[in-house]
Amino acid sequence: QQQVKQSPQSLIVQKGGIPIINCAYENTAFDYFPWYQQFPGKGPALLIAIRPDVSEKKEGRFTISFNKSAKQFSLHIMDSQPGDSATYFCGGDTGRRALTFGSGTRLQVQP
Amino acid sequence: EAGVAQSPRYKIIEKRQSVAFWCNPISGHATLYWYQQILGQGPKLLIQFQNNGVVDDSQLPKDRFSAERLKGVDSTLKIQPAKLEDSAVYLCASTLQGSSYNEQFFGPGTRLTVL
């Protein structure tokens, strides 16, 4: 059972654009929603995370928007740069078991 | 602080052969995970250890996959015999017990190709 659905599968934006990646979850036991960034040949690394008791969290150019009633959350990257080109995974965590990851979004930021 | 170490980085084997992967987590991290990441997909949990005990192995194909974490530190994941569909990147991750956000630290992975 896929518990976290992520879209789009791939995304191309111009430098300075604002890519948006969306995720929807089914498991209401999730209480922690991270985003991981993965570069080719590397393992994923935590980028930013949010708890369901807040609707938005910003860290630098990265913002998570969270809609608990819709069971959806999204990642926005402000002023995107070519160095942001990577694969992004959203996830859901109950705090008792391992993360459930989305299927990933391959982002390409063109110069 | 040293990160999660994995070896080998790459492995190519014939189907029906066996293979083993090794992981050394960050010092002091009690929880260790093995994930399978098939090309174009998100990581999927295979097994989770807490110290040297298994917390969750519900998605581990136990007829061919095995894993152990002796002394609660290093871990090995074995596949015997390998199938074509086992071609994937095998990621090891660890977390610090009691951390409020359960941040997982991933190693670089082992890319397995089964021919």
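Every chain is numbered from 1 and lettered A, B, ... according to where its sequence line falls, protein lines coming before strand lines. As the structure is a prediction and not an experimental result, all values here were calculated from the model. Side chains are part of it too, since the values below use all heavy atoms of this structure and drop only hydrogens, waters and symmetry mates.
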Legend entry - Carboxylate-amine/guanidinium contact B:D74 B:R69, below 4.0 Å: no
Inset, instruction - Please state whether the side chain, the backbone, both or neither of A:P34 comes within less than 4.5 Å of a heavy atom of chain B. - result: neither
Legend entry - Residues B:S27 and B:H29: side-chain donor-acceptor under 3.5 angstrom: no
Inset, instruction - Please flag which part of B:R9 lies under 4.5 Å from any non-hydrogen atom of chain A: side chain, backbone, both or neither. - result: side chain
Inset, instruction - Give the member of B:P108, B:G40, B:P43 that has the highest number of heavy-atom pairs under 4.5 Å with chain A. - result: B:P43
Legend entry - Geometric class of the A:Y36/B:F106 ring pair [parallel <30°, tilted 30-60°, perpendicular >60°]: perpendicular
Legend entry - chain B contact via A:Q9 - which portion, at a heavy-atom distance below 4.5 Å: neither
Inset, instruction - Measure the acute angle between the ring planes of A:F101 and A:F89, then classify it against the limits of 30° and 60° as parallel, tilted or perpendicular. - result: perpendicular
Legend entry - Interface moiety of B:Q37 toward chain A, non-hydrogen atoms closer than 4.5 Å: side chain
Legend entry - B:L45 side chain reached by B:Y33 side chain, heavy atoms, under 4.5 Å: yes
